[in-house]
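Read the structure below first, then the notes.
We name chains A, B, ... by the order of the sequence lines, and we start the count at 1 in each one.
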Amino acid sequence: MIDGIIALYIFMLAGFTGYEVISRVPVILHTPLMSGSNFVHGIVLVGAMVALAGADSTLLRVIGFIGVVLAAGNAVGGYVVTERMLKMFVLAGKKKGS
Amino acid sequence: MPAAATLNNLMQLSYLAAAALFILGLKRMSSPVTAVSGVRWAGAGMLLATAVTLAFMKDASLLNFSLVMAAIAIGSIVAWSSGKRVAMTDMPQMIALYNGMGGGAAAAIAAVQLYTGHAENIVHLSIATIGGFIGAVSFSGSLIAFAKLQGLITKSVRFGGQKFLNLAILLIAAFLGFMVVSGVGAGLGLPVVSLLFVFALVLGVAMTLPIGGADMPVVISLYNALTGLAVAFEGFVLDNAAMIIAGTVVGSAGTLLTQLMAKAMNRSLGNVLFSNFGESSAAGGTVAGTQKPIEASDAGIMMAYSQKIIIVPGYGLAVAQAQHKVWELTQLLLDHGAKVRFAIHPVAGRMPGHMNVLLAEAGVPYDLISDLDEINAEFETADVALVIGANDVVNPDARSNKSSPIYGMPILNADKAKNVIVIKRGQGQGFSGIDNALFGLDQTRMLYGDAQTAVSQLIQAVKAAG
């Protein structure tokens with residue numbers, strides 16, 4: 001059980017962490033980075049799974065099902081496009097030396 | 001039950017590890033060299049969290065467990081195949097789409113909580129409601145952003161009093177939220193909660209429809225941050241630390257990115273969201289001078305004999321998929337002994353770094369690519385500035401014409417080059433609908449046509465020139 005004030009501490013520290021981590025990213029990586037952070041909030045998938053697992057009526061199952069489909073799409077799609085973009089930077093970096 | 005407590009601890013530890021992997025992964029994405037490993041670290045965290053959640057889904061009925069598996073399979077397969085297929089050019093709208101899905105998932109979690117009335121106390125109830133509201137706004141808003149960038153919606157819907165209508169929708173939604181939380185509408189139950197979500201979805205649509213395509217990167221970034229926040233809120237309700245941490249990290253990172261982008265356009269976020277950008281373009285004044293066309297063969301000869309060339313890519317390059325041809329032309333010019341650089345405006349294309357991704361795809365080395373601060377002084381000594389499908393980011397009106405809607409935005413000083421060649425599809429205005437004073441200058445020549453075709457012609461012309 002996460003207590004209210006503990007949750008506020010988590011919230012504050014995670015907020016500062018996100019700000020600090022991102023503030024050092026060069027402009028050229030902004031698009032993949034936005035995509036990468038978009039992937040990270042795909043963690044909503046575990047919440048949607050829990051919500052669907054506990055559903056006890058048809059209405060809740062329908063909503064929960066939609067939630068899990070959307071969340072899985074967020075996580076998987078976010079990962080695929082981010083990895084594709086970042087791989088290109090690696091290729092371009094190698095050509096520089098040749 | 002010590003066994004259950006141990007299992008629960010194991011799950012919580014896995015979530016902690018996942019949160020750490022997300023943060024380390026984002027950190028590694030801050031350098032091009034380690035960036036791919038960064039997304040893989042974050043991916044490992046996601047796999048771990050999902051697998052552990054699945055393994056401990058012990059209370060779920062067989063029906064619910066099967067539904068979870070089926071939903072994951074459907075969502076993953078559809079997203080995997082679409083994500084693998086999408087062209088690099090269309091990345092911005094795909095990010096908007098996946099982001100909207102995350103927001104929708106957060107809203108679905110909130111809906112399940114609110115419909116069952118599982119919330120333990122008023123704090124949980126409030127947080128679930130606010131998170132669900134934000135998630136739903138992000139969901140419908142992101143879908144509109146996707147539709148606009150994909151060209152499914154081409155008009156920006158604007159009318160008088162729009163802001164007040166949006167404000168009214170927001171106030172009604174806030175009132176409905178208050179009813180849900182306070183229990184005033186307890187007897188009404190389901191309809192009030194449903195109505196709250198309907199108003200949230202309508203607000204997302206109404207907020208995004210009037211915003212012009214040129215401002216979409218800022219809007220997508222904002223919705224990215226909002227989805228993160230919604231996920232964090234639902235994580236609090238579900239007692240899930242991984243969701244709180246990951247959601248908040250994305251919320252603050254997205255906020256910072258949004259600020260950086262708005263700043264690059266020299267506008268405040270409020271201005272982007274509420275100013276109905278583009279509406280005042282008619283007041284921008286008529287542009288002096290006429291547009292003077294040039295043939296590709298002449299432009300190619302001019303470039304073949306130039307010492308220093310600066311290429312300014314824009315969205316037109318992305319649309320035409322011309323990045324590979326541009327790199328071919330660049331190599332040709334480098335072989336001729338010319339100095340070639342790429343000048344990238346922070347908001348060129350549809351997203352910060354959009355041009356860098358495309359140039360990276362074509363294999364252009366980093367050291368040829370410069371940002372605005374590095375390159376702007378160089379234009380004065382450049383023989384040719386080759387503008388490929390860029391418009392607002394090279395519009396000198398932003399420096400000098402106070403009545404221009406983009407006055408004050410930092411621009412690339414392409415107009416300072418000795419010669420300017422602009423590759424453009426037609427004589428009309430660009431995406432934002434603003435006239436461009438650069439096109440009428442004495443040293444500017446217009447090369448009309450699709451960027452890929454025009455650059456191919458330039459390659460032929462440079463080759464022919466020897």
- Task: Test Met85(A) against Ile95(B) for side-chain contact (heavy atoms from CB on, under 4.5 Å), laying out the working first.
- Result: CA-CA 12 Å; Met85(A) 274 191 272; Ile95(B) 297 175; 4.2 Å; yes

- Item | Least distance between heavy atoms, Asn224(B) atom then Ser37(A) atom | ND2-OG, 3.0 Å

- Could you look at Ala230(B) and say if it's the side chain, the backbone, both or neither that has a heavy atom under 4.5 Å from chain A? neither

- Segment of Met29(B) engaging chain A (4.5 angstrom heavy-atom cut-off): both

- Top residue by heavy-atom pair count (under 4.5 Å) with chain B, among Val68(A), Ile43(A), Val50(A)? Ile43(A)

- Distance in Å, Arg84(A) CZ paired with Met88(B) CE, rounded so as to fall on 0.5 Å steps: 4.0 Å

- Task: Determine whether more than 12 heavy atoms belonging to other residues, nucleotides or ligands lie under 6.0 Å from atom CE of Met12(A).
- Result: yes

- Between Gly43(B), Gly135(B), Gly38(B), Gly247(B), which residue shows the highest count of heavy-atom pairs closer than 4.5 Å to chain A? Gly43(B)

- Message: Using a 4.5 angstrom heavy-atom cutoff, name the option from Gly45(B), Ser61(B), Gly75(B), Ala246(B) with the most pairs to chain A.
- Response: Gly75(B)

- Item | Interface residue of largest heavy-atom contact number with chain A, from Ile77(B), Val231(B), Leu238(B), under 4.5 Å | Val231(B)

- Message: Taking side chain as everything from C-beta outward and backbone as N, CA, C, O, which of these in Ile245(B) sits under 4.5 Å from a heavy atom of chain A? Side chain, backbone, both or neither.
- Response: both

- Any idea which heavy atoms bring Met34(A) and Ser221(B) closest together, and the distance? CE-CB, 3.6 Å

- Check step by step if side-chain contact (heavy atoms from CB on, under 4.5 Å) holds for Asn99(B) and His41(A). CA-CA 8 Å; Asn99(B) 177 56; His41(A) 67 51; 2.9 Å; yes

- Item | Arg28(B), part contacting chain A, at a heavy-atom distance under 4.5 Å | neither

- Task: Let me know if Tyr15(B) has heavy atoms under 4.5 Å from chain A in its side chain, its backbone, both or neither.
- Result: side chain

- Message: Counting only non-hydrogen atoms closer than 4.5 Å, does Leu62(B) touch chain A with its backbone (N, CA, C, O), its side chain (CB onward), both, or neither?
- Response: neither

- Under 4.5 Å to a heavy atom of chain A? For Ala107(B) that would be neither

- Search all heavy atoms of Phe11(A) against all heavy atoms of Ala232(B) and return the closest pair with its distance. CE1-CB, 3.9 Å

- Message: Show, in sequence, the C-alpha distance, side-chain angles and deciding distance for Phe236(B) and Ile10(A), and conclude whether the side-chain contact (heavy atoms from CB on, under 4.5 Å) test is met.
- Response: CA-CA 10 Å; Phe236(B) 174 71; Ile10(A) 297 178; over 6 Å; no

- Spacing of CD1 belonging to Ile244(B) relative to CG belonging to Leu8(A), to within rounding of 0.5 Å: 10.0 Å

- Message: With chain B as the partner, which of Gly36(A), Ala51(A), Gly73(A) has the greatest number of non-hydrogen pairs under 4.5 Å?
- Response: Gly73(A)

- Task: Looking only at non-hydrogen atoms, find the nearest pair between Ala53(A) and Val68(B) and report the distance.
- Result: N-CG2, 4.3 Å

- Query: Of Ile63(A), Leu59(A), Leu52(A), which is the lone residue that meets side-chain contact (heavy atoms from CB on, under 4.5 Å) with Val112(B)?
  - Reply: Ile63(A)

- Can any side-chain N or O of Thr31(A) pair as donor or acceptor with the backbone N or O of His354(B) at less than 3.5 Å? yes

- Flag the one option from Val44(A), Leu33(A), Thr82(A) with the top tally of heavy-atom pairs under 4.5 Å to chain B. Val44(A)

- Task: Not counting sequence neighbours, which residues clear side chain to side chain donor-acceptor pair (under 3.5 Å) with Asn64(B)? List them please.
- Result: Arg61(A)

- Max heavy-atom pair count under 4.5 Å with chain A, selected residue of Ala106(B), Ala253(B), Ala242(B), Gly251(B): Ala253(B)

- Message: Given heavy-atom pairs under 4.5 angstrom as the criterion, report whether the side chain, backbone, both or neither of Ile344(B) touches chain A.
- Response: neither

- Query: Is it true that a side-chain atom of Ser252(B) and a backbone atom of Tyr19(A) form a donor plus acceptor pair closer than 3.5 Å?
  - Reply: yes

- Picking from Thr227(B), Ile369(B), Val52(B), which has the most non-hydrogen pairs under 4.5 angstrom with chain A? Thr227(B)

- Item | Interface moiety of Val357(B) toward chain A, non-hydrogen atoms closer than 4.5 Å | both

- Message: Between Gly42(A), Ala7(A), Ser57(A), Pro32(A), who has the most heavy-atom pairs with chain B when the cutoff is under 4.5 Å?
- Response: Gly42(A)

- Under 4.5 Å from a heavy atom of chain A, the part of Met46(B) involved: side chain

- Would you mind checking which part of Val78(B) comes under 4.5 Å of any heavy atom in chain A, side chain (CB onward), backbone (N, CA, C, O), both or neither? neither

- Below 4.5 Å from any heavy atom of chain A, which atoms of Phe233(B) appear? Answer side chain, backbone, both or neither. side chain

- Item | pair Leu60(A)-Thr116(B): side-chain heavy atoms closer than 4.5 Å | yes

- Give the member of Ala70(B), Ala71(B), Ala225(B), Ala105(B) that has the highest number of heavy-atom pairs under 4.5 Å with chain A. Ala71(B)

- Query: Would you call Tyr79(A) and Arg40(B) a side-chain contact if the rule is heavy atoms closer than 4.5 Å?
  - Reply: yes

- Message: Would Thr50(B) and Leu45(A) count as a side-chain contact (heavy atoms from CB on, under 4.5 Å) here? Give the steps.
- Response: CA-CA 7 Å; Thr50(B) 313; Leu45(A) 175 60; 3.8 Å; yes

